**Q** 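Below you'll find the structure I mean.
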Amino acid sequence: MSSVLTDRLSPAGAARAEPAAPRRRTRVFALPEARWAAAATVLFLIALPLQLTGAPGWAWGVPYALAYAAGGWEPAWAGLRALAEKTLDVDLLMIVAALGAAAVGQVMDGALLIVIFATSGALEALATARTADSVRGLLDLAPATATRLRPDGTEETVAPADLTVGDTVLVRPGERIGADGRVLDGTSEVDQATITGEPLPVAKEPGDEVFAGTLNGTGALRVRVGRDAADSVIARIVRMVQEASETKAPTQLFIEKVEQRYSLGMVAATLAVFAVPLAFGAALTESLLRAMTFMIVASPCAVVLATMPPLLSAIANAGRHGVLVKSAVVMERLGEVDAVALDKTGTLTEGTPQVTDVVPLPGAGLTERELLTLAAAAEHPSEHPLARAVTDAARARGLTVPTARDFTSTPGVGVTATVGTHRVTVGAPPRLPAGATDGPVLPVTTGPDDRVTALPATTGQGDGAGTPAGPAATPVTAGPAGSPAAPAVVAELEAGGRTAVVVQVDGVAVGVLGIADRVRADAAVTVAALTALTRVPPMLLTGDNPRAAARLGDEVGVRDVRAGLLPEEKVGAVRAEQKAGRRMLVVGDGVNDAPALAAAHAGVAMGRAGSDLALETADAVIVRDELAAVPAVVALSRRARRLVVQNLVVAGVFISGLVVWDLAGTLPLPLGVLGHEGSTVLVGLNGLRLLREAAWTEAARAGTERAA
């Protein structure tokens, strides 16, 4: 939006428009881990049908061997490096198990292990790269240049990094602010949703604080730099996301929790099974076969499949219902949360301002439709979010909006336009002229569809026509002199957390509009369901003003409301809860939520309006913007974790039974493989139960029933 409509359409105004920031996103196959995993998978899929259809051994043996090499060389090399540092990780153990399986003729089993672990490594590398992309992309919010004012008043273009504390910068309409600081001169409205999450631009005047990376509105500002670029709020957000991503220890799956002990124990046991009988005179072939059988039946294939199918099935089911969960570890974490923190704008609310109240002033004689028509006519040329809310409300009610002339916009004040023959002003109450609540009678001519067809003047400001022509003349008064109607309505709306906008005709207040960010229809139900699941009421963490936050908290049932928070303060609140022993789930959508999403035990982003940084930083994304999906996916995760425990018990029973048989007696290799593969298939099928549609339905119902 520009200060004058013609300026907005002029070449000069167009020249100031910012180009869209480039999107930084690593391609999947730009990662070597992804290329090797894909190659191993393709080779495995080539070899498997050849083996099953009875092709010659060389026909399927070669692609199997290549699959081993493609998917196994990298974890093998990493495992050898770890071994050189006197540690033994599960990746190396899997390679040894795969080679052992191949050594005793179970080539397909070993290749399957290789493919599973190569794919897991590729997914982890991709998640890491995408998070790094989003953090780097956050820097695109900062402008490439800033206009610094020299002491003699001349201008110079510099990089924001070159600004120092005490410099004065000029921020023109439509530009991003280059540094944190305070306004010295000028008034404007600044969109700072990226920092505070406030849904509406904030009026700025001398003395007010502004942040680097936020978008200036319609007025020019002179800003004194208050922080170096490295200490700006946007730079601190980048650092917090990076630090939280690096230091957050993920909950390990069962096999990873006992990785060192299991790995060392299995290697030692395999060597013992081979060496001890050999030392007592057993044949070499018999000892080797017993040791290889032991390695196969003791290998953690069933344990790996005990954990992965339930979690992956839950991921797939959630994905079908609009919830993108980024990994099996994330799905496990979601079921562990025992406290929830919710953002306000874009999370509990829809994130866009909407007209909630249309209040003609007493004695004005206007209907709600007529008042809204006047306001929409004046606001129609404006690009301000409040203007869009007014025009959208008129359109939704089917109103015909007349064309306005001579449109102007004053930053922090409002807009003025000529509708018919009268000047209509729509603006913020504190900045309206004194005496806006009294005035003369204004005849307004309306048609049968509530369209304002004429506004002839009777106050000497119009064409002097006097009596209006047209179908119906409705006298409009603003009430008796000194009437407190407008201030009272404004106070009532603002007390309810709404933004009040006063409509004037020729300087006479005729009505007030209330505008607010509408609460999601499922917000209250979601809060109740999360409370039932965690047994702790959620908290509200928002950068919005305390009054709006408190009103929303009352409406949706949140009692712990913390408002006016900057990103680092949100992180502090989350970390304080986690230090107290809680596993926090954070739900948000904005750049300002990203550090808290990264610091939390699990983070969920709202997908439709979510920023790139929030979407990449979060562990899960609600793609369809259905807030009620949050408790549903938490309940689904808990069910998946219960199946994981069941599968681990089954796998443990099979592995221990087969191992005892092999050590205490003579376990035939085919029977050992059958028992091993049978347990693997059994736990796999048990985990796949979560793919059923009923699993999601039951999870969604579980949260609702607990809330009830």
Side-chain angles (χ1 to χ4, degrees), residues 26-80 89-127 129 255 292-293 295-297 299-313 315-316 319 327-328 669-670 672-685 687-688 691:
T26 299
R27 291 179 294 108
V28 174
F29 288 105
L31 299 172
E33 295 91 343
R35 294 197 296 270
W36 288 118
T41 303
V42 170
L43 290 166
F44 178 81
L45 294 176
I46 291 173
L48 182 61
L50 292 174
Q51 181 186 17
L52 295 178
T53 54
W58 61 266
W60 49 265
V62 171
Y64 270 143
L66 293 175
Y68 274 75
W73 78 268
E74 196 168 32
W77 180 246
L80 291 174
D89 64 19
V90 75
D91 288 351
L92 183 60
L93 182 61
M94 289 301 96
I95 298 300
V96 172
L99 293 176
V104 294
Q106 304 302 319
V107 180
M108 187 270 287
D109 288 351
L112 180 59
L113 269 178
I114 292 290
V115 168
I116 289 175
F117 274 82
T119 303
S120 175
L123 291 174
E124 182 179 355
L126 180 61
I255 191 62
M292 288 298 97
T293 302
M295 177 167 280
I296 286 182
V297 298
S299 69
C301 291
V303 174
V304 171
L305 289 178
T307 59
M308 296 304 289
L311 298 173
L312 294 177
S313 297
I315 289 172
S327 72
L669 179 60
V673 172
L674 180 62
H676 176 265
E677 296 300 324
S679 65
T680 302
V681 171
L682 181 61
V683 298
L685 291 176
L688 294 178
L691 284 173

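These numbers were taken from a predicted model, which means no experiment stands behind them.
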**Q** Using every non-hydrogen atom in the two residues, find where Ala34 and Phe29 come nearest and quote the distance to one decimal.
**A** O-CE2, 4.1 Å
**Q** May I ask you to decide if Leu99's main-chain N or O and Tyr68's side chain share a donor-acceptor pair within less than 3.5 Å?
**A**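 Checked: no pair found.
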**Q** List the atom of Met108, the atom of Tyr64, and the distance in Å for their closest heavy-atom pair.
**A**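 What the structure gives for the nearest pair is CG-OH, 3.2 Å.
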**Q** Evaluate the criterion side chain to side chain contact (heavy atoms under 4.5 Å, CB included) for residue pair Ile114 and Phe44; output intermediate values, then yes/no.
**A** CA-CA 10 Å; Ile114 292 290; Phe44 178 81; over 6 Å; no
**Q** Can you see which heavy atom on Glu74 is nearest to which on Trp36, and at what distance?
**A** OE1-CD1, 4.4 Å
**Q** Looking only at heavy atoms, which two atoms of Pro63 and Leu43 are closest? And how far apart?
**A** O-CB, 3.6 Å
